[in-house]
Amino acid sequence: MSTTGYAFTREVKTYLEADVVVIGGGPAGTAAAIAAARGGKKVALLEKSAQLGGMGTLANVSVFMPVGNVTGIYREIIADMLAEYLPPDHDESIAPQYSPFLLRQYLNEKMKKENVDVFFHCEFVGSVVEGRRMKAAIVSTREGLRAFEAGCFIDCTGDARVAIDAGVPYHAGREADGLTQPMTLMFTMQDTGKPVRQILPEGCYEYNEVSDLPQGRRLYWERNGDGSLLVNMSRVKGNGAKIEDVNHAETEALRQVFSIANYLQRTGFETYAISHIAPQTGVRETNQIEGLYTLTEADVVGGARFPDVVAQTNYEIDIHSPDAQKTTDERKVDGYDIPYRCMVPAGLDNVLVAGRAISATHVAMSSMRVQATCYALGQAAGAAVALTPAGTPLKDAPMAELHAELERQGVRLYRQGASAV
Ligand SMILES: Cc1cc2nc3c(=O)[nH]c(=O)nc-3n(C[C@H](O)[C@H](O)[C@H](O)COP(=O)(O)OP(=O)(O)OC[C@H]3O[C@@H](n4cnc5c(N)ncnc54)[C@H](O)[C@@H]3O)c2cc1C
């Protein structure tokens, strides 16, 4: 690794001025953009890939894990795309499997209806910060570097890429050793109705027992009832925000995928062929910002309630072994609040971080990270930036108004503000 560096100075043309720039088009980013636009703001949503949906589409994580509620924008997605799963009340759990291709199409159309301008193939590379305010995002586009200016920015990159670049302190992984949850390359198999030719390409492994498998278990879903099998069985140690780790993961996870498919074809799925491999390995955990409040394991286990609640979940503590062991730490939780302050980075007045990179410990993050909760956090962040008066620090977003606006947008929060922490 070289120890030299370069001072890199460029004059970058401004491409667009918006009220709100949202960076990252995953669950948090799409919901943030919609909610800000509903608040009357001109919103630009920047996404480095060609599709919206984040891990759900890009990494084919096409199951919504149960969180104890179906509310807000997440509820709209279920009502529009998966109506057969829609529970009558907001405080019920569902765990539907969905088509990542249909979600991708659905989100494109929804953004048009919601007046969100989406910019694909636009990767945030740097921030322009003056004092406590971010002025512009420097973005790598198909036309080169361009600046996107805004009054507020919402970092939904999953890695807190924007906040970190703007100087926000952060941590990664377990408190003791910094190790994060491992990565997984998701794939789908399809029942062809007849025995398939089993192949084991060069570089792959022969798995014979469940204990040989990377996770030491068989984990797949057949909920669509169309002969498809969604497989979550690979596991590669590393932090997906690190160059070397992700390089290793993209080759090792693919080896595992072909090896697992071959194993499944010998152990119950003799008529199934690989029909889709996600274009990128899924990343569970990378960086967490240091925010005004850090969600902890005690909050998750103890059912903490906060006056500035913006999302609620009862999804379990779910930690795939960061040590590359074949274990998964799964512990049921009864339900808790996530406070707005977890999205507010100290030191910046006009930036929020929504989605899996909020201020949380490793254990707490393992529970709040699933898609429905990230949609909820994004929606709250978008609503907050829209209603906070220009020039007022986002930490001072008016909470009663925020709760009223979320309710207007179809969000239902339960036992709101039951206790103060
Ligand atoms: C293998 C795996 C299995 C999982 N299983 C489930 C499950 O079964 N059910 C469930 O509900 N959840 C599951 N999860 C968790 C869930 O998918 C994620 O935690 C969730 O998608 C996080 O949402 P997010 O919006 O914070 O970030 P992400 O989904 O990671 O989206 C971030 C978006 O930002 C974009 N981006 C990143 N950097 C930049 C940049 N510099 N410039 C522009 N854009 C950028 C990315 O391309 C991406 O679109 C799983 C995750 C993984 C990896």
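As the structure is a computational prediction, the values presented were derived from the model and not from experiment. Both ligands and their constituent atoms are indexed starting at 1 by order of listing.
- Residue Gly378 places no heavy atom under 4.0 Å from ligand 1.
- By the criterion of a heavy-atom distance under 4.0 Å, the backbone of Cys122, and not its side chain, is placed next to ligand 1.
- For Leu52, no heavy-atom contact with ligand 1 is shorter than 4.0 Å.
- Below 4.0 Å from some heavy atom of Val63 lie the following atoms of ligand 1, by number and element: 7 (C), 8 (O), 9 (N), 10 (C), 11 (O).
- Scanning all protein heavy atoms for the shortest distance to atom 44 (N) of ligand 1 gives Lys48 N, 3.2 Å.
- For ligand 1, the polar-atom distance check against Ile23 finds no nitrogen or oxygen pair separated by under 3.5 Å.
- Of the listed residues (Val12, Ile138, Asp165), just one forms a side chain to side chain contact (heavy atoms under 4.5 Å, CB included) with Val125, and that residue is Ile138.
- What you find for Phe269 and Arg218 is that their closest heavy atoms are CE1-NH2, 3.6 Å.
- Listed here is the closest heavy atom pair of Ala166 and Val129: CB-CG2, 3.7 Å.
- The protein heavy atom nearest to atom 10 (C) of ligand 1 is Gln371 NE2, 3.1 Å.
- Within 6.0 Å of the OH atom in Tyr15, the count of heavy atoms belonging to other residues, nucleotides or ligands does not exceed 12.
- In the vicinity of Gly54, heavy-atom distances shorter than 4.0 Å reach the ligand 1 atoms 29 (O), 31 (O), 48 (C), 49 (O).
- A heavy-atom separation below 4.0 Å is found between Pro27 and ligand 1.
- Residues Tyr74 and Phe64 bring their aromatic ring centres within 6.0 Å.
- The residue among His320, Arg284, Glu47 with a heavy atom at the shortest distance from atom 49 (O) of ligand 1 is Glu47.
- Residue pairs meeting the side chain to side chain donor-acceptor pair (under 3.5 Å) criterion with at least one partner in residues 173-191, sequence neighbours excluded, are Asn60-Thr188, Arg174-Asp177, Arg174-Asp323, Thr184-Arg284, Asp191-Thr271.
- Scanning the protein heavy atoms around atom 14 (N) of ligand 1, the nearest turns out to be Val61 CG1, 3.6 Å.
- For Asn69 and Tyr414, the side-chain atoms include no donor-acceptor pair closer than 3.5 Å.
- For ligand 1 and Gly355, the ligand atoms under 4.0 Å from any heavy atom of the residue are 26 (O).
- Regarding atom 29 (O) of ligand 1, its nearest protein heavy-atom neighbour is Met55 N, 2.9 Å.
- From Leu46, atom CG reaches atom CZ of Arg146 across 13.5 Å, with rounding to the nearest 0.5 Å.
- Of all atoms in ligand 1, listed by their number and element, those nearer than 4.0 Å to a heavy atom of Gly282 are 53 (C).
- Ranking the protein heavy atoms by distance from atom 26 (O) of ligand 1 puts Arg356 N, 2.9 Å first.
- A distance below 6.0 Å separates the ring centres of Phe119 and Phe148.
- Every atom of ligand 1 with a heavy atom of Cys156 under 4.0 Å away is listed here by number and element: 32 (C), 33 (C), 34 (O).
- Ligand 1 places these atoms under 4.0 Å from at least one heavy atom of Val283: 53 (C).
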From CA spacing to verdict: side-chain contact (heavy atoms from CB on, under 4.5 Å), Ile23, Arg161: CA-CA 9 Å; Ile23 302 117; Arg161 183 54 52 217; over 6 Å; no
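- Between Lys326 and Glu209, no side-chain nitrogen of the basic residue sits less than 4.0 Å from a carboxylate oxygen of the acidic one, so the salt-bridge criterion is not met.
- Close N/O approach between Phe64 and ligand 1 is not found [any backbone or side-chain N/O within under 3.5 Å].
- Using a non-hydrogen distance threshold of 4.0 Å, Asp159 does not register as a contact of ligand 1.
- Checked against a 6.0 Å centroid threshold, the rings of Phe306 and Tyr293 count as neighbours.
- Closest to atom 38 (N) of ligand 1 among all protein heavy atoms lies Thr157 CB, 3.6 Å.
- Per-residue contacts place Val370 under 4.0 angstrom from the following atoms of ligand 1 (heavy atoms of the residue considered): 10 (C), 11 (O), 12 (N).
- An N or O contact shorter than 3.5 Å is missing between Ala354 and ligand 1 by distance.
- Sorted by first then second residue, the salt bridge (Lys or Arg N to Asp or Glu O under 4.0 Å) pairs that include residues 357-378, not counting sequence neighbours, are Asp318-Arg369.
- Under 4.0 Å from ligand 1, not a single heavy atom of Ala357 appears.
- A distance of 12.0 Å separates NZ in Lys237 from CG in Asn239, rounded to the nearest 0.5 Å.
- Near Gly26, meaning under 4.0 Å from one of its heavy atoms, ligand 1 places the atoms 25 (O), 31 (O), 33 (C), 49 (O).
- In terms of protein heavy atoms, atom 22 (C) of ligand 1 is closest to Cys374 SG, 3.7 Å.
- Heavy atoms from both the backbone and the side chain of Ala28 come within less than 4.0 Å of ligand 1.
- Contact between Leu406 and Ala383 at its shortest, heavy atoms only, is CD2-CB, 3.9 Å.
- How far NE2 of His276 is from CG of Leu230: 10.5 Å, rounded to the nearest 0.5 Å.
- The protein heavy atom nearest to atom 18 (C) of ligand 1 is Arg369 O, 3.4 Å.
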